[in-house]
Amino acid sequence: MSDDLVSRARRGDLEGQNWAGLVRMSFEPEIPDADGRDASETTQAQPLFRPMTGLDIKGRDEQEKDARKHVEKRGGTYVYTYEEPDTSAWKRKRVRLPNGEIGYRVIRPVFEGALDDLKRGIAPNGKRLDGVIVTDIDRLTRDNRHLEDAIEVVQNFHRPIIDITGTLDLLTDNGRTVARIVVATKNQQSADTATRVARKHRALQQAGIPTGGRRPFGWKEDKRTLDPYEAKWLRQMVQWLLSGKPISAIINELNKAEVKTVSGHEWSRMAIKQVMRNPRLCGYRSRQVLEFDPETGSEHRRIDIVFDDDGKPVMGQWEPLISVTEWEALTELLGANSAPAPGHNTRKSLLKGTLRCNKNGCGAVMRITKAPKHRNRPEGYFYYTCPSSGSSPSGCGGTKIGGPETDKAAAMIVIAKYEEEAAKRQATAAPQVWSGEAELTRVREDIADLKQARKERKITAARYFSFLAESEADERRLLADRNRSLRAAHAAQDTPIDLAAEWEGLTLAEKRAYVEETLVALLVSPAVGRGRPVRERLKPVFRDKGGDSAAPS
């Protein structure tokens, strides 16, 4: 009977047979592009899929109707439809192979499930399944591996797979040979299409033309004109970050003002970092780069600046929001990777990680212990204690101090230091101009001269890379110094908040951020006698631009 199914299908005789259709909307991928994406919404941009030909636009209902008509006209019964929407029969994805290695395969679970059902002869609705029909060979596959899987079902399991147009013949040896050639040709056509799309995107990038889907926050739908309301908040976020405001506090400010992302969501820490790292802010055209780690098998996307043939950043065709110098200071502040900001991974206490034992220079980080019941302390009362030498190699176990009282005293220290620094900033009539601009210009000119000399073969590779490494190190050092100077200038111009008045309304994460930005450590001396104020036992080690310095006891 099984052999008869294939031979009868060759003659077009489907009388008494049950058939299922495989319908698929064929979408080929466009190369992902960073510009124009709503970075506040996603951590990884997904590929865009567009119908590439007129045939691809043919809908699901049309394909099912044509398949049903073809089967019933030849005496068969149409019993099921396998729907495979929004997939590509060519685009490969990264997968882990059975041997543990990483490979790239076309992933089509519906197609593979249909073949498995056909092998068993049972459709998902429980009805007998004798064959599968598609509208044409494009609906079946453009991947040679999947074609061989389909051929295996026909040859070894004697179940027919046909198409309506007649271009697909898997029922004869000659037909299978032709099918392999056709699929290879279709595969090459898809590859050519992808190449054309990639060239198109590169041309758009080099011209600085914005592309992508949803408009970026801060710009209108044309992705070129600044949106006055959103641009105002973007500038405010830049100002807050450069002046030292914690990201958690910025999120609270945005939520209080009901400022939403482009899709109407509340802002998150990752969303703010992604928007602030985007070169679009200063007018640079950007692109997404996919990196693959062969050891871990993981993929990472990052945003890179687009450079022209002369190695200069391409400027986008839109209004920039901030200067290049300000954006470089932002990226230096936030870092290239998504590292947590101060106070982000907060504990349940204000000073965990900051408080250290000062008995005989012990220096161990103090731990939190609950107050025992016999102490008759209020509910939730705790102590900061130095771990004993038995539980920690660095602890002495000789210092303990009340937690709530220490938190209150530490807050007073932080507030006093903040107000002192704010007063100094406000007393500065105008921030000093960074003095290294001329040196930075000279270093960059040296790098350009080196590259030109190497291009003209006037310098050996050994000397070129040696000099280049030194010059690039100087450039990085100067850029870091300039960015620190820029942040200091913003801090001097910014109106400081009244931290004393705002403190109680801050979240624990925000308080911890101010503590970590103010203190390197807070040293706790052992108690001497009874009644000694907590404040007298604390010795702050402050952060400042010149390094860490301990305040006098």
Side-chain angles (χ1 to χ4, degrees), residues 34-45 212-220 223 226-284 286 288 300-305 318-346 483-484 486-487 490-491 494-495 497 502 505-514 516-517:
D35 186 75
R37 298 281 183 179
D38 183 7
S40 64
E41 301 308 320
T42 58
T43 56
Q44 289 187 343
R214 185 183 286 122
R215 69 176 180 84
F217 184 86
W219 283 265
K220 295 183 178 180
K223 303 180 187 135
L226 286 172
D227 179 278
Y229 176 76
E230 293 181 353
K232 178 193 74 172
W233 282 104
L234 270 181
R235 289 192 182 96
Q236 184 63 73
M237 284 189 266
V238 171
Q239 181 72 20
W240 278 334
L241 283 170
L242 291 177
S243 61
K245 195 179 186 81
I247 292 180
S248 52
I250 294 174
I251 292 173
N252 283 347
E253 294 284 355
L254 294 172
N255 290 341
K256 266 191 233 173
E258 297 184 348
V259 179
K260 305 295 184 182
T261 64
V262 171
S263 63
H265 297 152
E266 290 190 346
W267 287 85
S268 66
R269 181 177 300 273
M270 182 59 68
I272 289 178
K273 286 188 173 185
Q274 286 182 317
V275 168
M276 293 295 106
R277 287 192 184 108
N278 196 332
R280 162 178 269 272
L281 290 179
C282 67
Y284 284 162
S286 60
Q288 283 204 64
H300 304 280
R301 285 185 172 90
R302 72 170 194 274
I303 294 180
D304 272 2
I305 297 171
W318 57 79
E319 296 180 57
L321 184 83
I322 58 177
S323 69
V324 172
T325 303
E326 288 175 312
W327 179 75
E328 288 176 345
L330 275 176
T331 55
E332 194 272 335
L333 172 68
L334 296 173
N337 299 312
S338 303
H344 174 49
N345 293 325
T346 183
N483 292 337
R484 284 192 295 269
L486 179 64
R487 293 203 308 277
H490 275 273
D494 194 35
T495 302
I497 68 169
E502 298 282 345
L506 299 178
T507 65
L508 180 59
E510 292 170 348
K511 291 178 180 178
R512 280 186 55 84
Y514 280 110
E516 292 169 8
E517 290 171 3

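Judged as a salt bridge (charged side-chain N to carboxylate O under 4.0 Å, His left out), and not counting sequence neighbours, Glu319 has no contacts. Legend: residues meeting side-chain hydrogen bond (donor to acceptor under 3.5 Å, both in side chains) with Ser323, ordered by chain and number and at least two apart, are Glu326. Here Lys260 pairs with Glu266 under the side chain to side chain contact (heavy atoms under 4.5 Å, CB included) rule; sequence neighbours left out. Scanning for side-chain hydrogen bond (donor to acceptor under 3.5 Å, both in side chains) contacts around Asn252 gives Glu510, with sequence neighbours left out.
Applying the salt bridge (charged side-chain N to carboxylate O under 4.0 Å, His left out) definition to pairs two or more places apart or across chains, those involving residues 229-241 are Arg215-Glu230.
Pairing each heavy atom of Pro216 with each of Val262, the nearest pair is C-CG2, 4.0 Å. Taking both residues in full, the closest heavy atoms of Leu242 and Ala329 are given as CD2-CB, 3.9 Å, listed atom of the first, atom of the second, then distance.
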Next on the checklist: Would Leu330 and Ile322 count as a side-chain contact (heavy atoms from CB on, under 4.5 Å) here? Give the steps.
Outcome noted: CA-CA 11 Å; Leu330 275 176; Ile322 58 177; 3.9 Å; yes
Practice task
Please test Trp240 against Ile247 for side-chain contact (heavy atoms from CB on, under 4.5 Å), starting from the C-alpha separation and ending with a verdict.
Solution key: CA-CA 9 Å; Trp240 278 334; Ile247 292 180; over 6 Å; no
Checking Tyr284 against Asp304 for the side-chain contact (heavy atoms from CB on, under 4.5 Å) test, could you report, in this order, the C-alpha distance in whole Å, the side-chain angles of both residues, the deciding distance, and whether it holds?
CA-CA 10 Å; Tyr284 284 162; Asp304 272 2; over 6 Å; no
Verdict with supporting geometry, Cys282 and Val324, side-chain contact (heavy atoms from CB on, under 4.5 Å)
CA-CA 5 Å; Cys282 67; Val324 172; 4.1 Å; yes
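Under the 3.5 Å distance criterion, the side-chain polar atoms of Trp327 are matched with a main-chain donor or acceptor of Asn278. For the pair Trp267 (side chain) and Leu254 (backbone), a donor-acceptor distance under 3.5 Å is absent. A donor-acceptor pair under 3.5 Å is formed between the side chain of Trp318 and the backbone N or O of Arg280.
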